[in-house]
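By convention here, the first residue in the shown sequence is residue 1.
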Amino acid sequence: RWSGGDSTWEPEDNVMDDDLIDEFEAGLQKKAYAGQKLDVGASVEVKNVDEGFENSWASATLVKRKGNSGWDVQFTKFVDAKGKPMSESVTSSRLRLAPPKAPKSWAPTVGEVVEVLDDDCWWEARTMSVGGKSAELKFRVSDETRMVALGANLRPCSWLKAS
């Protein structure tokens with residue numbers, strides 16, 4: 001919204017401050033996941049805030065409710081030095097129910113925002129091209145462009161679909 005009161009959209013590539021995009025997306029995600037029912041034992045994904053993993057999502061299970069707005073979670077892919085699953089207390093705003101797998105017939109389209117499994121986390125990426133059995137993706141956090149095979153490690157961006 002401009003100071004004169006008009007509202008317009010600016011292309012994402014023109015926004016030079018990633019924090020503004022993060023804040024905007026956090027608002028959309030809050031709306032998209034507001035009605036989800038979280039229960040002990042549910043398969044969820046936790047939004048990472050640690051440096052190098054910001055804005056990625058890691059698989060976990062809800063272990064225990066912590067007050068009105070928090071949960072203890074146990075990660076499914078992250079283990080400590082002894083091989084024991086790692087756990088953490090997180091706010092509900094960092095949780096989403098684990099999205100379903102993409103239908104076998106699904107393939108991303110150019111320009112579509114998708115999620116790709118890399119380093120045991122789901123990362124947002126924009127589809128730059130699709131050809132054969134792979135897609136060229138530009139990762140949102142790093143701006144790295146990489147070819148990724150179509151299949152189980154690629155899915156539609158769930159929060160964009162839900163909003």
Side-chain angles (χ1 to χ4, degrees), residues 9-13 15-81 83-103 106 108 111-128 135 137-146 148-163:
W9 287 99
E10 188 68 25
E12 183 179 341
D13 290 343
V15 180
M16 302 301 287
D17 185 349
D18 283 340
D19 290 339
L20 290 175
I21 294 171
D22 290 344
E23 288 175 28
F24 177 74
E25 287 187 351
L28 292 177
Q29 289 171 3
K30 184 176 181 179
K31 282 187 211 176
Y33 301 128
Q36 64 186 356
K37 302 275 189 250
L38 301 175
D39 293 312
V40 171
S43 293
V44 295
E45 291 178 351
V46 179
K47 188 172 186 178
N48 288 308
V49 294
D50 295 331
E51 188 174 334
F53 286 87
E54 297 100 341
N55 295 312
S56 67
W57 296 86
S59 300
T61 301
L62 294 178
V63 176
K64 180 181 176 187
R65 181 177 281 283
K66 300 280 284 188
N68 290 334
S69 62
W71 288 87
D72 284 342
V73 300
Q74 184 174 52
F75 291 98
T76 56
K77 304 241 180 198
F78 298 150
V79 295
D80 63 18
K84 181 181 174 192
M86 296 176 75
S87 58
E88 181 179 357
S89 292
V90 299
T91 62
S92 296
S93 64
R94 290 181 49 208
L95 296 173
R96 68 179 181 190
L97 292 170
K101 292 181 180 180
W106 175 80
E112 182 178 7
V113 177
V114 298
E115 293 178 347
V116 59
L117 186 62
D118 189 57
D119 289 332
D120 294 326
C121 295
W122 290 96
W123 302 83
E124 280 181 36
R126 183 167 307 278
T127 307
M128 306 306 286
L137 304 177
K138 182 177 182 181
F139 284 69
R140 180 184 151 341
V141 173
S142 66
D143 287 335
E144 173 189 2
T145 302
R146 172 178 346 156
V148 175
L150 300 179
N153 292 340
L154 195 62
R155 67 184 184 197
C157 185
S158 68
W159 68 268
L160 284 173
K161 298 282 185 203
S163 59

Any heavy-atom pair between the side chains of [Y] and [X] that's under 4.5 Å?
X: Thr76; Y: Thr61; value: yes
X: Arg146; Y: Asp118; value: yes
X: Cys157; Y: Trp122; value: no
X: Val141; Y: Glu124; value: no
X: Val63; Y: Ser87; value: no
X: Asp120; Y: Ser59; value: no
X: Val114; Y: Val148; value: no

Between [atom1] on residue [X] and [atom2] on residue [Y], distance to nearest 0.5 Å:
X: Leu97; Y: Asp39; atom1: CG; atom2: CG; answer: 9.0 Å
X: Trp106; Y: Leu154; atom1: CH2; atom2: CG; answer: 4.0 Å
X: Thr91; Y: Trp71; atom1: OG1; atom2: CH2; answer: 13.0 Å
X: Trp57; Y: Leu117; atom1: CH2; atom2: CG; answer: 15.0 Å
X: Glu144; Y: Leu137; atom1: CD; atom2: CG; answer: 10.0 Å
X: Phe75; Y: Glu45; atom1: CZ; atom2: CD; answer: 11.0 Å

Could you report the tightest heavy-atom contact between [X] and [Y], atom names first, then the distance?
X: Ser92; Y: Gly70; value: OG-N, 3.9 Å
X: Met86; Y: Asp80; value: CG-N, 3.6 Å
X: Phe53; Y: Trp123; value: CA-CH2, 3.5 Å

- Checking side chain to side chain contact (heavy atoms under 4.5 Å, CB included) for the pair Lys138/Asp143: CA distance, chi angles, key distance, verdict? CA-CA 6 Å; Lys138 182 177 182 181; Asp143 287 335; 3.6 Å; yes

- Item | Verdict with supporting geometry, Lys47 and Asn55, side chain to side chain contact (heavy atoms under 4.5 Å, CB included) | CA-CA 6 Å; Lys47 188 172 186 178; Asn55 295 312; 3.1 Å; yes

- Donor-acceptor contact present, side-chain Arg126 to main-chain Val113, <3.5 Å: no

